[in-house]
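A short write-up of the structure that comes next.
Numbers here simply count residues along the sequence, with the first being 1. Atoms within each ligand, like the ligands themselves, are counted from 1 in listed order.
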Amino acid sequence: MTRKEHRASVDTRSVWAGEKEYRVHGATQVPVVHSVSYGYDDMDHWFYVATGKEEGHIYGRNTNPTVQSFEDKVKDLEGAKAATSFSTGMAAISNALATFLVPGNRVVSIKDTYGGTNKIFDEFLPKLNIDVTLCETGNHEEMEAEVRKGCDILYLETPTNPTVKITDIERMVKVAHEVGALVFVDNTFATPILQNPLDYGVDLVIHSATKFLGGHADALGGVVCSNDEELVEKIYHYREINGASLDPMAAYLLLRGMKTLHLRIKQQCESADKIARFLQQHDKVEAVFYPGLENHPNHDIAKKQMRDFGGMLSFAVKGEMDAVRQFLPRLEYANRAANLGAVETTVGPARTTSHIENTPEERAALGIPEGLVRYSVGIENVDDLIADLKQALSYINYTDN
Ligand SMILES: *Cc1c(COP(=O)(O)O)cnc(C)c1O
């Protein structure tokens, strides 16, 4: 193999991709360019850049070099042809939907999308006379039947939040493309290290970069990418006008975080598997949701389309919220917070985190027990995490007297 033919592994590309061409003055790191605007002395050059005929930057809402470097890294890791970024994951999702949908259109999705996404489907799209049908997550026959009735966008998220259900991407792309629908996949939980939906013909991949991509819970961001450059161009145009642009400092933090993405994901997968198996045999635990477990209903699909099973799991303890109140505050090595995908283990009841936007009735309909705990595995030593869970769970039903 010649040097040119060798494509570096995703580990190497996590470190290097998207950076070199944005460095200046020999610096080995991409600079944070805070400048809002870019000056031109040559009136013709300015005009050509402003009209997209020549390369360059005009105004920070449109483009920024630090932001572009981040976009290039994601694009490379997803194996995409184009990417554009946003101030948050929700901005990425809402802008991508708003770019293409018009009154009278129909969206088919699943009941288990991220809480904010679910709100867009339940509350905002119907107001614009866009029909949204949400199928039982994992019921592929129902999804196929709904798509065949007519569909403009099939919106998927796999694995889902918080019960980590899996949808067969390849199977759903096939039926969606038969009826001419676009397929969007929220790949936040899997990350490009574990799953590349574009390989299965998906039209648009979406990430909340706030989570695993950044990995340090210190920057908000969102990104979309595709093999269809025109599709991304349309979304970029919508975003540059609507203004949900990614801040350069956040872009830098996300870019820096992504250099260790492969290492973090490797550790988080390994630890999540051990923790899921520990919880499964614990007598205070009612149920464990992790796609790596052989008894997970979608284990085979996960095995087919993912390289490993991810760093997210959830579990229900016996005794519901009363038991959660007893044990969750006792965890030493976990932030009790509404976030996930960070280097620190992060936990929270689903009713307070991913599905805070939903009513108890809505959560019940989504199959989310009130006592469900979402556990985002950090990069701590797994034996320490298991010991910590063990001591915390021992406080269930514990009384001082
Ligand atoms: C957090 C999250 C989002 C929303 O991202 P923000 O950056 O918080 O706006 C979307 N999808 C999934 C799967 C998420 O976990």
(message) Within ligand 1, which atoms have a heavy atom of N161 less than 4.0 Å away?
(response) 15 (O)
(message) I'd like to check which ligand 1 atoms, numbered from 1 as shown, lie under 4.0 Å from a non-hydrogen atom of E157.
(response) 13 (C)
(request) Work out which heavy atom in S208 is nearest to a heavy atom in T188; give both atom names and the distance. (result) N-OG1, 2.9 Å
(message) Regarding ligand 1, does I93 bring an N or O atom to under 3.5 Å of one of the ligand's N or O atoms?
(response) no
(request) For atom 5 (O) of ligand 1, grab the closest protein heavy atom and report residue, atom and distance to one decimal in Å. (result) S208 OG, 2.9 Å
(request) Look at atom 4 (C) of ligand 1 and say which protein heavy atom is nearest, naming residue and atom and giving the distance to 0.1 Å. (result) Y114 CE2, 3.5 Å
(message) Considering non-hydrogen atoms of the protein only, which is the closest contact for atom 9 (O) of ligand 1, and what is the distance?
(response) M90 N, 2.8 Å
(request) Could you find the nearest protein heavy atom to atom 15 (O) of ligand 1 and give me its residue, atom name and distance? (result) K211 NZ, 2.7 Å
(request) Between T117 and ligand 1, find which residue part has any heavy-atom pair under 4.0 Å and reply side chain, backbone, both or neither. (result) neither
(request) Side-chain contact test, heavy atoms from C-beta onward, threshold under 4.5 Å: evaluate it for V107 versus D152 and give yes or no. (result) no
(request) Indicate yes or no: does K174 engage E144 in a salt bridge with an N to O separation below 4.0 Å. (result) no
(request) May I ask whether T113 has any heavy atom positioned less than 4.0 angstrom from an atom of ligand 1? (result) no
